[in-house]
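Beneath this line is the structure, given in structure tokens, with notes to follow.
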Amino acid sequence: MAILHRVRESGYAEPVKAMGSGGGCPPSPARFPDENPNPVMRILGEGTLLRANRGSWLILSQWKASEGRPVPPDWAEAVRLSIESRASCERELQIGSTTYRLLIVPVADLGYADIFGLDVTGRKRVERKLRLDAQVFENAAEGIMIVDQDMRILDVNLSFQRITGYGRQEVLGRGPEILRSGSHDDVFYKQMWGEIKKTGRWQGEIWDRRKNGELYPKWLSISAVKDGDGQVTDYVGIFSDISTMKRTQEQIEYLSHNDSLTGLSNRPHFLDRLELGIEDARRTKDRVAVLFIDLDGFKQVNDTYGHRAGDKYLREAADRIRSMIRQSDTVARIGGDEFALILPHLAEVQNSTVAARKLQARMAEPIFIEEQEIYVSCSIGIAIFPEDAADAESLVQRASSAMKKAKELGKNCYRFYSPEMNTRVEEVLSLKAKIRRGIDLDEFLLHYQPQIDSKTGRVAGVEALVRWNSAELGMVYPDRFIGLAEETGMIDAIGEIVLRQACVQGRIWSEQGLPDIRIAVNLSAVQLRRSDFATVLETTISKHGMPPGGLEIELTESVMLVDDEVVMNQLHRLKEMGVDLAIDDFGTQYSSLAYLRLLPIDRLKIDRSFVKDLPTKGGNLAIAAAIVAMGHSLGLEVIAEGVETMGQGRSLASRGCDFLQGNLFSKPVPPETLRGLIDARVSLQPASRDEPVIEEPGFSVRSRAQFQGDGI
Ligand code: C2E
Ligand code: MG
Ligand code: MG
């Protein structure tokens, strides 16, 4: 105890010599470090704590030890071993949240050891954090890439290697552009880096390329790493491969839009598409048709052959419908055996019946189920936007009730929702049949309307206009049947009749001593597309002895739209034969000057819509005058149609229009009436006294009373 006391007083660590063996203590070479804030203790080989500084208090309180008393046996053991082996050793001691590293230094000769402690709590925490960070970095499910300021890859983790296919060594020191897919342009990357510079981070979807070349979408977030001064040192990119997620999403979307049995759209998707179609049609002023298709006798198939056969039957029906539609049309399965079809941008209501009939024909082909040939049919209801309903849901409902009507009428047929439409379509159908009969019965004939030379006042030519003198319907004008005839191909037969009659008439007039009367015949673009048209015309002309120079063909501007070699060749052949060509209704459609120059034409016919309001409407006058000037500059003659008043005739003539045609001179008349008109001469002398005041002197019609027409 005395020794202990002395040591404490001196303040130096003095080795205790042969403690317990009675030997004395030599003076310590250094003062025991009481001021050291770290623990310092001296423990005898047999485990008694000899000295401890103030920094050791926490340890002592845990050990429940004090000077002169034993330390816990494991520590006593450690001290003993250290003295025996004369080797220092290190041990850690955890007390609460504090960690000490204790270095046991034996002073073997004196039979004790000094223990120097260090509080390593802080360092431990950092080490642990580093260890954790490294683990998180390495084992994160996301790919991580650290890039330095010079855009060199510093490190990547395991997931990076898994996702990109590149090993760590392959990418270290390289630039991240090795991952680029080429799917994004420079502007994209510029914006991305711009945002990182500005805000320190960016995130978004990006398409990259794996080492094996495969493209994949990833969700990438990049953050700038800053040092203590706020300077950017590195960038960390964290990304996940979202290709699977995308595929799943697409699949979910597909399933939510499609019927799983047939792969067609389902009802909600169909209604969405229909709503869009309706919106579109509102803008373009088109019609939209919904065809509601119900399979006749599906229940029977199901009952007789079972559900599997029923499913097969439905799939086959779906395939058939699908095979018949255009890409822009939507078809859906909206009930058990109910399908619906959208026909957008419908120009004519009748066109929906063409689709319905085609569908029915296709459905009528046999289906093979269980080696049985089954014949099925379908009933179709048609509803039209905007006539039948203004929204998708009601349009489908109306189409469905029309379908029920079709079933009531004995199935395997189609019905429109609105009774008027049924009537109209029936009318059209019956008109088609009547036209066909009219052709067989030779009910088509020509009337002729004179064309006056505005310089001489003489009849220079006539336009042949077809009429249908139907036994059932009376006199029918071309506006009612030409369109239908074009649609059905009957225009070829009518066109041949017209051409034949015009040629016969040309020969008759020629024989009557009127060889200079040019006969203009209207030609539909459909006819011109037939490759043998020029041949047919040549044969007809020569067969009937018509002088080819006396024939003119009127084409519409739409011919110019067709960049078709067949059409071009035909026109050149006609020209070679000596037939004149004119562009009818000029100015109403697309007129390309380039095409005008390419086509071998002789005349332009100003459409009557520009003639109508002359001379009062300045705009029309300007258009008419411009057409005349343009025509002349291209070396073409210009004729105006639909001239009804003196004012119109005068203003056109004064602007150099070469020929005038219209009811002012005569309506279209039968050939025998026309014969009497040919000699009459329209006077170009100043107006007679009973004429109203003339704005532009020098033109009047003297013999107007002689002209009469077919009363359109
Ligand atoms: P288009 O070739 O422009 O014929 C001129 C139309 O205007 C004729 O009607 C004629 O009767 C009418 N018209 C003549 N003068 C006047 C007038 O002063 N005022 C008014 N309001 N109308 C006048 P149409 O005969 O009914 O023929 C209508 C259209 O049918 C023709 O227009 C032509 O495109 C077509 N067409 C007539 N005949 C044939 C033919 O044989 N074959 C073909 N493919 N189409 C024909
Ligand atoms: Mg015409
Ligand atoms: Mg015309």
Side-chain angles (χ1 to χ4, degrees), residues 435 438-439 443-452 461-469 475-503 505 518-530 533 536-537 540 551-559 580-589 591 601 603-614 624 627 638-649 652 659-670 673-674 677 701 704 707-712:
I435 296 174
I439 294 172
E443 290 180 336
F444 292 86
L445 53 101
L446 291 180
H447 280 185
Y448 297 90
Q449 187 173 37
Q451 300 174 333
I452 311 296
V462 291
E463 180 177 4
L465 293 154
V466 69
R467 305 291 179 253
W468 174 20
N469 193 9
M475 191 66 94
V476 188
Y477 291 91
D479 284 345
R480 242 184 106 188
F481 62 83
I482 291 289
L484 267 181
E486 284 180 336
E487 225 176 78
T488 49
M490 292 189 284
I491 193 70
D492 286 328
I494 296 176
E496 272 178 37
I497 295 172
V498 167
L499 203 59
R500 192 186 64 229
Q501 290 194 10
C503 287
Q505 194 59 55
R518 189 177 59 224
I519 303 178
V521 171
N522 292 282
L523 200 75
S524 126
V526 179
Q527 284 170 276
L528 206 61
R529 246 170 255 138
R530 278 190 49 170
F533 176 73
V536 171
L537 187 118
T540 316
L551 192 66
E552 178 173 77
I553 296 292
E554 288 191 8
L555 309 157
T556 52
E557 279 176 285
S558 61
V559 171
D580 276 4
L581 298 176
I583 300 284
D584 203 353
D585 306 335
F586 188 77
T588 50
Q589 289 179 336
S591 314
I601 46 171
R603 245 154 251 123
L604 296 181
K605 273 189 105 172
I606 305 179
D607 188 66
R608 62 171 186 272
S609 58
F610 303 118
V611 173
K612 211 170 108 216
D613 300 316
L614 295 182
I627 296 177
V638 180
I639 172 166
E641 63 181 10
V643 181
E644 289 178 340
T645 69
M646 289 300 294
Q648 290 166 353
L652 285 160
F659 302 98
L660 305 169
Q661 176 188 343
N663 293 353
L664 173 66
F665 313 109
S666 169
K667 287 181 173 172
V669 290
T673 315
L674 190 102
L677 301 178
V701 177
R704 206 159 111 207
F707 292 95
Q708 41 198 279
D710 62 4
I712 295 172

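Whatever order the structure lists them in is the order used to number ligands and atoms, beginning at 1.
- Val476 and Phe481 make their closest contact through O-CE2, 3.5 Å (heavy atoms, listed as atom of the first residue, atom of the second, distance).
- Contacts between Glu641 and ligand 1, counted as non-hydrogen atom pairs separated by less than 4.0 Å, involve the side chain only.
- When heavy-atom distances to ligand 1 are checked against a 4.0 Å cut-off, Lys605 has no atom that comes that close, whether in backbone or side chain.
- Residue contacts with ligand 1, taken as heavy atom pairs separated by less than 4.0 Å, involve Asp584 solely via side-chain atoms from C-beta onward.
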Q.
Could you go through Ile482 and Ile491, starting from their C-alpha distance and side-chain angles, then the distance that decides it, and tell me whether this counts as side chain to side chain contact (heavy atoms under 4.5 Å, CB included)?
A. CA-CA 7 Å; Ile482 291 289; Ile491 193 70; 4.0 Å; yes

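- For atom 35 (C) of ligand 1, the choice among Ala525, Pro478, Ala485 with the nearest heavy atom turns out to be Pro478.
- The two residues Gln661 and Pro450 make their nearest non-hydrogen contact at CG-O, 3.6 Å.
- If you look at Val521 next to ligand 1, there are no close heavy atoms at all, none under 4.0 Å.
- Close approach of ligand 1 to Glu554 (heavy-atom distance below 4.0 Å) involves ligand atoms 2 (O).
- In Asn522, the parts holding a heavy atom less than 4.0 Å from any atom of ligand 1 are both the side chain and the backbone.
- Residues Val638 and Phe586 form no side-chain contact, since every pair of their non-hydrogen atoms from C-beta on lies 4.5 Å or further apart.
- With a 4.5 Å cut-off on side-chain heavy atoms, Glu463 and Tyr448 do not count as touching.
- Between Ile482 and ligand 1, no pair of N/O atoms sits closer than 3.5 Å.
- Taking 4.0 Å as the cut-off, Glu486 does not count as a neighbour of ligand 1 on heavy-atom distance.
- Atom 14 (C) of ligand 1 has its nearest heavy-atom neighbour, among Arg608, Gln501, Gln449, in Gln449.
- Counting heavy atoms closer than 4.0 Å to ligand 1, residue Leu446 contributes nothing at all.
- Two residues are said to be in side-chain contact when any heavy atoms from C-beta on lie closer than 4.5 Å; Leu446 and Val466 meet this criterion.
- Per-residue contacts place Val498 under 4.0 angstrom from the following atoms of ligand 1 (heavy atoms of the residue considered): 41 (O).
- The two atoms that bring Gln527 and Gly495 nearest to each other are NE2-CA, 3.2 Å, heavy atoms only.
- The closest donor-acceptor contact from the side chain of Gln648 to the backbone of Val611 lies under 3.5 Å.
- By the 4.5 Å heavy-atom criterion applied to side chains, Asp585 and Glu641 are counted as neighbours.
- Closest non-hydrogen pair, Leu660 versus Gly649, comes out as CD1-O, 3.9 Å.
- Of all the listed residues (Ile497, Leu660, Asn663), Asn663 holds the heavy atom that lies closest to atom 17 (C) of ligand 1.
- A side-chain contact (heavy atoms from CB on, under 4.5 Å) with Leu465 holds for exactly one of Val669, Val498, Asn522; it is Asn522.
- Neither the backbone nor the side chain of Lys667 comes within 4.0 Å of ligand 1, counting heavy atoms alone.
- Listed by atom number, the atoms of ligand 1 under 4.0 Å from Glu644 heavy atoms are 17 (C), 18 (O), 19 (N), 20 (C), 21 (N).
- Counting atoms of ligand 1 from 1 in the listed order, those under 4.0 Å from a heavy atom of Ser524 are 44 (N).
- With a heavy-atom cut-off of 4.0 Å, Leu465 touches ligand 1 through backbone and side chain alike.
- Contacts with ligand 1 closer than 4.0 Å are made by side-chain heavy atoms of Pro668 only, the backbone lying farther away.
- A donor-acceptor pair under 3.5 Å links the side-chain atoms of Gln501 to the main chain of Phe444, judged by distance alone.
- Within the protein, the number of N/O/S atoms found under 2.8 Å from the Mg ion (ligand 2) is 4.
- Contact annotation: for Gln661 versus ligand 1, there are no heavy atoms closer than 4.0 Å.
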